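Order of the sequence lines fixes the chain letters, A, B, ..., with proteins taken first and strands second; residue numbering starts at 1 for each chain. Everything numeric here is computed off the predicted structure, so don't read it as measured data.
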Number of protein chains: 2
Amino acid sequence: MTRALTHVEAVRSARVFAALSDPIRLRLYTLIAASDDEVCACSFVAAIGRSQPTVSHHLKILRDSGLVTGTKRGTWVWYRANPDIATEVTQLLPARISA
Amino acid sequence: MTRALTHVEAVRSARVFAALSDPIRLRLYTLIAASDDEVCACSFVAAIGRSQPTVSHHLKILRDSGLVTGTKRGTWVWYRANPDIATEVTQLLPARISA
DNA sequence: TTGACATATCGATGGATATCAATATATACT
DNA sequence: AGTATATATTGATATCCATCGATATGTCAA
């Protein structure tokens, strides 16, 4: 059930939608979320086709939104999706037709 | 089930998330979607607290994304949410925990 | 036709953002 | 120490975007 949001609520949730509002970030996010496991950041530049600083910039925005977390282990950073944040904003939208 | 998107898919879906990425638009959208019926645009300026051109600008972005439709009847325009578009992008995100 | 009102469009402006080259930082290996 | 690799940060630039005043368009009523 969708309900109208206060401005404070809207500012918070809009940040999550903003993280998903760029095609590069949406590809990064779905790439990470499609795996139930961790994904190595080292694969993203080749997979996405943008420079390393650009990919790093987008990953930071995804991290700041809470949609993903990154864990550094040795040289590499491993990314994992946080479904709670996605669920949070999904519930603001009209419910999908029940399967 | 989330899956990685192609760039073309990502560009299309990112546009919908971009429509939801501004607090004013998110409030407008949830205001419209919270009603199962039509909502008169004439109420938005007072409800949202932005100038009439600004509200009109945001409504255009919501219309262009497909999230809402507007129907002019006489002097007023009546808005209605289109849940299909919301469902479409919701399904790109990790599934919410089943109730 | 004139006036009042609802909505859209135009034009300008300040601020945010996507991008990359260059550089910094951190880790691993020899 | 020295080299190589992964990731982050900095700095610069071009583009996009939110906002509002002014104006246009369309509708209704008198």
Chemist: Suppose we screen for salt bridge (Lys or Arg N to Asp or Glu O under 4.0 Å). Which residues come up paired with Asp36(A), at least two apart in sequence or across chains?
Modeler: none
Chemist: Out of curiosity, Tyr79(B) OH to Tyr29(B) OH, how far, rounded to the nearest 0.5 Å?
Modeler: 14.5 Å
Chemist: Using the test salt bridge (Lys or Arg N to Asp or Glu O under 4.0 Å), find all partners of Arg63(B) that sit at least two apart in sequence or belong to another chain.
Modeler: none
Chemist: Take atom CG of Leu62(B) and atom P of dT7(C), then tell me their distance rounded to the nearest Å.
Modeler: 15 Å
Chemist: Please enumerate all residues that pass side chain to side chain donor-acceptor pair (under 3.5 Å) together with His58(B), with sequence neighbours excluded.
Modeler: Arg25(B)
Chemist: Not counting sequence neighbours, which residues clear side chain to side chain donor-acceptor pair (under 3.5 Å) with Arg3(B)? List them please.
Modeler: Glu9(B)
Chemist: One character per nucleotide, please: for nucleotides 2-13 of chain D, 5' to 3', B when the base has a protein heavy atom closer than 4.0 Å, S when only the sugar-phosphate does, - otherwise.
Modeler: ----SBBB----
Chemist: Quick one: CG on Leu62(A) to OG1 on Thr69(A), what's the gap to the nearest 0.5 Å?
Modeler: 11.0 Å
Chemist: Looking just at side-chain N and O atoms, do Thr90(A) and Thr87(A) make a donor-acceptor pair shorter than 3.5 Å?
Modeler: no
Chemist: Given side chains that start at C-beta, do those of Phe44(A) and Ile32(A) come closer than 4.5 Å, heavy atoms only?
Modeler: yes
Chemist: Among residues 11-39 of chain B, which residues get a heavy atom nearer than 4.0 Å to DNA chain C?
Modeler: none
Chemist: It should be established whether Arg50(A) places a side-chain nitrogen or oxygen under 4.0 Å from OP1 or OP2 of nucleotide dT19(C).
Modeler: yes
